[in-house]
Number of protein chains: 2
Amino acid sequence: MAKTRAEMMQETRGKLLASARAAFASHGYAATSMDDLTAAAGLTRGALYHNFGDKKGLLAAVVDQIDAEMADRARDIGAGAGSLWDGLLAEGAAYIEMALDPEVQRIVLLDGPAVLGDPSRWPSQNRCLDATRAAVTALRAKGLLREVDIEAVSHLLNGAALNAALWVAASDDPLATLPKAQEAFRLMAEGLLAQPQFQA
Amino acid sequence: MAKTRAEMMQETRGKLLASARAAFASHGYAATSMDDLTAAAGLTRGALYHNFGDKKGLLAAVVDQIDAEMADRARDIGAGAGSLWDGLLAEGAAYIEMALDPEVQRIVLLDGPAVLGDPSRWPSQNRCLDATRAAVTALRAKGLLREVDIEAVSHLLNGAALNAALWVAASDDPLATLPKAQEAFRLMAEGLLAQPQFQA
DNA sequence: TGTATTGACATACGGCGTGTATGTTAATAA
DNA sequence: TTATTAACATACACGCCGTATGTCAATACA
């Protein structure tokens with residue numbers, strides 16, 4: 001069966017995204033040229049500009065893709081936990097672990113915010129924050145928390161996990177550092193939510 | 001009195017740093033050209049490459065300068081507090097507030113890590129982290145904490161403050177959001193350090 | 001004091017990369 | 001079957017970084 005035109009386009013988009021992910025992760029956004037990128041995918045810059053507008057558009061698409069995968073994974077892990085509390089803590093631990101991936105670290109955590117500008121204004125890179133917010137919101141809706149500024153708490157927890165992840169990735173022995181970071185994060189999250197102001 | 005040569009050089013370095021701070025903060029690192037930068041300072045690119053090596057070197061110098069100012073300010077605020085506990089919390093609040101400054105936000109928090117690479121490997125942008133680490137270390141030395149993984153806690157607190165700062169800066173009404181972020185951060189830090197594992 | 005030398009900075013040049021304008025070809029529609 | 005659109009390739013113009021070279025004043029030295 002001959003492929004339809006829309007299918008072909010999806011295929012080229014996929015090739016470009018895959019090539020961009022590899023290139024951005026290994027050399028960084030600024031140091032990768034569109035020529036090399038597209039050549040590695042067996043295409044030219046014409047396809048790229050036609051599909052993604054410009055270089056920033058391509059990065060935005062890549063960030064969005066990775067962010068979606070992270071959110072999916074975090075949600076599965078959170079849903080597999082016994083309680084909402086455990087789910088929130090497990091998501092945080094998973095987030096720290098996922099940031100060990102160079103693609104996540106370099107593209108989503110470093111280049112993404114710098115190139116795309118203020119993260120909170122962009123639709124991408126917000127799904128993980130949305131997951132944290134949803135977890136905190138659920139806790140409050142269940143009556144397990146009260147008077148929580150959900151936004152503030154979400155951003156604090158996300159930032160803590162993010163920086164912990166960067167620390168882990170930069171450490172001499174990431175695999176040994178990871179559990180320390182996850183344990184400290186768990187203590188932090190529990191300590192915050194155990195504050196008398198929040199307890200129902 | 002005629003200025004000596006070293007004084008002249010310090011003066012040009014200062015001019016270039018000041019011009020770079022303004023340009024990087026307003027347009028971002030990538031969108032700033034060395035020609036415009038130096039022309040605004042009444043100089044040419046020759047002076048820049050002679051003094052800072054390359055564009056990254058200039059950014060590193062700017063980040064270092066701002067970071068030093070932040071650390072000084074945080075240290076003053078921390079030293080003015082009554083206790084070590086209050087000092088640590090006050091430094092965190094001050095950090096969140098300082099990140100409202102576009103120079104801090106854009107240059108130190110966004111472009112710095114992306115362009116200069118892994119923050120923990122760079123001497124700059126670590127003084128604020130050093131301050132947090134020093135505060136936690138002091139608490140432990142005083143016998144007020146035990147069995148704290150100082151590194152993990154420092155990175156968690158720093159990351160939380162950083163992300164909170166970005167959230168505040170991006171909010172519709174930063175001045176109204178700031179106290180919420182600071183309050184939530186205080187609760188988080190207190191909650192973490194109040195964990196039974198840490199209490200002496 | 002006169003000269004040599006160094007160093008701070010300016011100028012000139014080459015190369016690379018982005019973005020756009022134009023061209024080409026294959027698929028859909030009439 | 002033909003006209004049109006859209007996906008993609010090719011060609012060009014512009015800007016910017018980094019380096020190589022040049023210039024001139026300040027210091028060192030005799």
Exercise for review: Would you tell me if any nitrogen or oxygen in the side chain of A:His50 comes within less than 4.0 Å of OP1 or OP2 on D:dC8?
Suggested key: no
Check your understanding: Among B:Leu59, B:Val115, B:Val108, which one satisfies side chain to side chain contact (heavy atoms under 4.5 Å, CB included) with B:Phe24?
Key -> B:Leu59
Study note, to complete from the structure: The answer to which of A:Gly46 and B:Leu48 contacts DNA chain C further toward the 5' end, by nearest nucleotide, is B:Leu48
Review point. Do B:Val136 and B:Arg140 have side chains that get closer than 4.5 Å, going by heavy atoms?
Key: no
Practice item. Using whole Å, report how far OH of B:Tyr49 lies from P of D:dT19. Key: 8 Å
Exercise for review: Starting at atom CZ of B:Arg45, determine the distance to atom P of D:dT21, rounded to an integer number of angstrom.
Suggested key: 16 Å
Practice item. Taking only the side-chain nitrogens and oxygens of A:Asn51, find out if one of them lies under 4.0 Å from OP1 or OP2 of D:dC8. Key: yes
Point to revise | For atom OH of B:Tyr29 and atom P of D:dC16, their distance in whole Å | key: 14 Å
Practice item. Could you tell me whether A:Thr38 contacts a base, only the sugar-phosphate backbone, or nothing, with contacts defined as non-hydrogen atoms closer than 4.0 Å? Key: nothing
**Study point:** Atom pair CE (B:Met34) and CG (B:Leu48), whose distance is rounded to the nearest 0.5 Å
**Key:** 4.5 Å
Exercise for review: Please determine, for the side chain of A:Thr44, which listed nucleotide (D:dA7, D:dT10, C:dG19) has the closest atom?
Suggested key: D:dT10
Exercise for review: Find out whether B:Leu192 and A:Leu192 are in side-chain contact, i.e. whether some heavy atom of one side chain is under 4.5 Å from a heavy atom of the other.
Suggested key: no
Check your understanding: Across the strands shown, which category fits B:Leu43 at heavy-atom distances under 4.0 angstrom: base, sugar-phosphate, nothing?
Key -> sugar-phosphate
Study note, to complete from the structure: Between CE of A:Met34 and C1' of D:dG15 the distance, given in whole Å, is 16 Å
Practice item. State, with a plain yes or no, whether a side-chain heavy atom of B:Arg21 is found less than 4.5 Å away from one of B:Gln65. Key: yes
Point to revise | Length of the line joining A:Phe52:CZ and D:dC8:C1', which is rounded to integer Å | key: 14 Å
Exercise for review: Would you kindly give the CG-to-P distance between A:Leu16 and D:dA7, to the nearest whole Å?
Suggested key: 13 Å
Practice item. For B:Ser33, report the nucleic acid contact type (base, sugar-phosphate, nothing); a contact means any heavy atom under 4.0 Å. Key: sugar-phosphate
Revision key, fill the gap. note: A:Leu58, atom CG; C:dG17, atom P; distance rounded to Å ~ 16 Å
Practice item. Figure out the CG/C1' separation between A:Asp35 and D:dA11, and round it to whole Å. Key: 12 Å
